Number of protein chains: 2
Amino acid sequence: MAEQRSGREDPHPAEARGEGPTLNDVARVARVSRQTVSNVLNAPDKVRTETTRRVQQAIQQLGYRPHRLARNLKTRSSRMIGYEIARSRPGVINPVLDRFVHALVEAARDDGYHVLLFTPDEAGQIAAYDELVGTRTVDGFVLSEVNYADPRAIALQARGVPFVTFGRPDVPVAHTWIDVDGGAGVEAAVHHLAAQGHQRIAFIGWPEGSATGDRRAEGFGRALAELGLDHDAALDVRVEDGADDGAHALIHLLHGAEPPTAVVCVSDTIAVGVLRAATTRGLAVGSELAVAGFDDTPVAPLLTPQLTSVRQPLEAVAQRIVNHLTDILAGGAGKPDGELLAPQLIVRASTHPY
Amino acid sequence: MAEQRSGREDPHPAEARGEGPTLNDVARVARVSRQTVSNVLNAPDKVRTETTRRVQQAIQQLGYRPHRLARNLKTRSSRMIGYEIARSRPGVINPVLDRFVHALVEAARDDGYHVLLFTPDEAGQIAAYDELVGTRTVDGFVLSEVNYADPRAIALQARGVPFVTFGRPDVPVAHTWIDVDGGAGVEAAVHHLAAQGHQRIAFIGWPEGSATGDRRAEGFGRALAELGLDHDAALDVRVEDGADDGAHALIHLLHGAEPPTAVVCVSDTIAVGVLRAATTRGLAVGSELAVAGFDDTPVAPLLTPQLTSVRQPLEAVAQRIVNHLTDILAGGAGKPDGELLAPQLIVRASTHPY
DNA sequence: ATGAAAGCGCTAACAC
DNA sequence: GTGTTAGCGCTTTCAT
């Protein structure tokens, strides 16, 4: 027998649909209206304690969970953060993925967001970002490995899409960023080596043009100046990011008129090559030649000797990035802002003379 | 002046809302109904060419993109695949994250899905899966590193949630899985070593109880049997997954009555330790002691000497997993099914006598 | 404090 | 082929 009109009763109770229970089901069981249930969930102080209790119980009993899509459609937000996962390059130890992404996911979760991974297709990198924004699949982005004039940052900026970068722009602050002071990391390594008595300290960096690499290189120059050491151009070399490149660089350095007794590398990958070349040449790493790397990748403690390396506080970076981004998404924007975090030198046997 | 009533005209054109254009806007511009626009997008053959053209042009002109949330709410699917990202353990090289996750994202994208990353909170691992399913945030899951009687697989199975695993269950097929034949990988390594003339070949595996580890160990026994070699219990040891553990294991092996001339390791992490211990003892790896690892992690080619290792076809695994999962999600289920892929031995200097 | 009504943007039935 | 009519499950005015 049909109801006396009036749609009071939900014509499609959950059980009948083979789906989970809805707000309606909860409301019916708790004998309140839908909105009251919604209020219990989203504005608890608007509801009387007794009512709240009854609703909570109904929720419990039915195993109700709000339908995220429905909520998001109404709210006009996906509560999703996009992160582009880079293709892994063979022969290069990805310094970021493992720790950083996990930290990102954890931080996002604590702020009520999820992380959506994506990777560009033939349509191109920017198109991938546009697609995600256009379909409102994500609310904002986290960019890592940003470089000077990063095309992604420029595009997102132009479109007014919220994002925070891991890495800072060169222009005066235009968007919010978090970065690790790579220069300070190299500085710390050089000071550490000088404290061990080293006078001829070399730096093997990346070719000019990468923001990250250039700033680390600057730290090298700064440290030498602070220590009153000569900045010998012959001891400041640039190679691609590969172990073989590092090995060749070391051999080249050793062939110089006044070879270095210590080497700071811009990456662990390069340091691996340096270690190998040194060992091959019969140099005792640690005592005869000190070597430091950068990023403290998982292999650093596994090498022989264990590699001294500059560790980035990736967990803190991820945490701050998510905090800033969720702030922006919550509308509590404030001006774009930057934050520079300090890295930490992890000293191991490769820079110990004993 | 107000419209003559009748809601024919959308009272909220896109420009007025500061949001992107909607189906309505496109329909208005193309002078067709909403439904026709929807058909152009979802059932092109239902629409006349001429109409299609006009609609396409309107879409173009407005820069329209379907609102994913709205579509998903209607279709009752999120087109999202959940993947639990494991916390990175220090000192262990994660063999999976980098290549596998990227491949997963790429494969999912090609099938019209996105990958959502998550990690459990205090509520517990299974609770995290339940939450995602309950809120209908994801349509299904990919599980990696599954073990015997994996609690996640059991829980999802019980709830009827679609999922595919990387790794196979021990019980007769209950769900769809893809796996790499680890035993065959170890077998290949042993055969390769035997071909080099080695007779005393050792295996350093993980403690019993891990599906992956046990199967790799079985491959060792199988290979010895095939080669007619003795399965000397003293040459078949089990340690935790760490470089130090590998180093200790090798030292222990070398102290035996009849030490091995070759060692196959269940992981690259262990192999790193073996390499280190061998070098420390003055053993020439390659000629005096051959060493093989497993997983061909990014460090394998960076070690000295370069490490022979068994490489898993992670890209193919991801591809197959996503294909199966999207099939299931599309309703074209079929019976649960398994697929075993062959790994490939990458031979490098650590097992070469010259 | 609670309830009724409206509608987010889309697709699925069903008419025409 | 195309348009009309209903919602998907939720939140948000606005009454009460």
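These numbers come from a predicted model, not from an experiment. Numbers restart at 1 for each chain; the letters A, B, ... are given by sequence-line order, proteins then strands.
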**Q** If you look only at pairs with a residue in residues 109-127 of chain B, which of them pass as a side-chain hydrogen bond (donor to acceptor under 3.5 Å, both in side chains), with sequence neighbours excluded?
**A**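 Every side-chain hydrogen bond (donor to acceptor under 3.5 Å, both in side chains) pair that includes a residue of residues 109-127 of chain B, provided the two are not neighbours, is A:His102-B:Thr119, B:Glu84-B:Gln125, B:Asp111-B:Asn323, B:Asp111-B:Thr326.
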**Q** Could you tell me the separation between the CZ atom of B:Arg79 and the P atom of C:dT11, rounded to a whole number of Å?
**A**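 Interatomic distance, CZ of B:Arg79 to P of C:dT11: 12 Å.
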**Q** How many whole angstroms separate atom CZ of B:Arg28 from atom P of D:dT2?
**A**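 After rounding, the gap between these two atoms is 19 Å.
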**Q** Are side-chain N/O atoms of A:Tyr64 and A:Thr22 paired as donor and acceptor at under 3.5 Å?
**A**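 Result is no, nothing qualifies.
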**Q** Going by side-chain contact (heavy atoms from CB on, under 4.5 Å), A:Arg152 matches just one of A:Asn147, A:Val146, A:Thr165. Which one?
**A**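 Of all the options given, the one that passes is A:Val146.
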**Q** Should A:Ser33 be listed as having a side-chain N or O under 4.0 Å from OP1 or OP2 of C:dG3?
**A**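 Yes, because at least one side-chain N or O of A:Ser33 sits under 4.0 Å from OP1 or OP2 of C:dG3.
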**Q** When you get a sec, tell me which of D:dT2, D:dG3, D:dG9 is the closest nucleotide to the side chain of B:Arg76?
**A**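 Closest nucleotide to the B:Arg76 side chain: D:dG9.
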**Q** Assess whether side-chain contact (heavy atoms from CB on, under 4.5 Å) is satisfied between A:Asp139 and A:Ile81, documenting all intermediate values.
**A** CA-CA 6 Å; A:Asp139 293 343; A:Ile81 296 171; over 6 Å; no
**Q** Provide a list of protein-nucleic acid N or O atom pairs under 3.5 angstrom, restricted to nucleotides 12-16 of chain C.
**A**
| unit_1 | atom_1 | unit_2 | atom_2 | d |
| --- | --- | --- | --- | --- |
| C:dA12 | N7 | B:Gln35 | OE1 | 3.3 |
| C:dA12 | N6 | B:Gln35 | OE1 | 2.4 |

**Q** Do the charged groups of B:Arg65 and A:Asp130 touch, with an N to O distance under 4.0 Å?
**A**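 No, no charged N to carboxylate O under 4.0 Å.
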**Q** How do B:Asn39 and B:Arg136 order along DNA chain D: which one's closest nucleotide is nearer the 5' end?
**A**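 Its nearest nucleotide being more 5', the pick is B:Asn39.
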**Q** In this structure, how many angstroms lie between the P atom of D:dG7 and the CG atom of B:Leu23, rounded?
**A**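 B:Leu23 atom CG is separated from D:dG7 atom P by 19 Å.
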**Q** Can you check whether A:Arg79's main-chain N or O pairs, donor with acceptor, with A:Arg68's side chain at less than 3.5 Å?
**A**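 Between the backbone of A:Arg79 and the side chain of A:Arg68 there is a qualifying donor-acceptor contact (under 3.5 Å).
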**Q** Quick check on contacts: within residues 56-73 of chain B, what sits under 4.0 Å from DNA chain D by heavy-atom distance?
**A**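 Here the set is B:Leu73.
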**Q** Is there a side-chain polar atom (N or O) of A:Thr36 under 4.0 Å from OP1 or OP2 of C:dT2?
**A**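 No, no such contact exists.
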**Q** How close or far is atom P of D:dG1 from atom CG of B:Leu41, stated in whole angstroms?
**A**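 One finds 18 Å between P of D:dG1 and CG of B:Leu41, rounded.
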**Q** Rounded to whole angstroms, how far apart are CD on B:Glu50 and P on D:dT2?
**A**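 Atom CD in B:Glu50 sits about 9 Å away from atom P in D:dT2.
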**Q** Can you check the A:Asn24 CG to D:dT11 C1' distance for me, whole Å?
**A**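 Result: 13 Å.
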**Q** Start with the C-alpha distance between A:Val317 and A:Leu341, add both sets of side-chain angles, then the distance that settles side-chain contact (heavy atoms from CB on, under 4.5 Å), and finish with yes or no.
**A** CA-CA 8 Å; A:Val317 171; A:Leu341 271 43; 3.8 Å; yes
**Q** What is the ring orientation for A:Tyr129 with A:Phe118, classed by angle as parallel under 30°, tilted 30 to 60°, or perpendicular over 60°?
**A**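 Geometry flag for A:Phe118 against A:Tyr129: perpendicular rings.
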**Q** Does either side chain, that of A:Thr49 or that of A:Thr52, offer a donor lying less than 3.5 Å from an acceptor on the other one?
**A**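 Per modelled atom types, A:Thr49 and A:Thr52 side chains form no pair under 3.5 Å.
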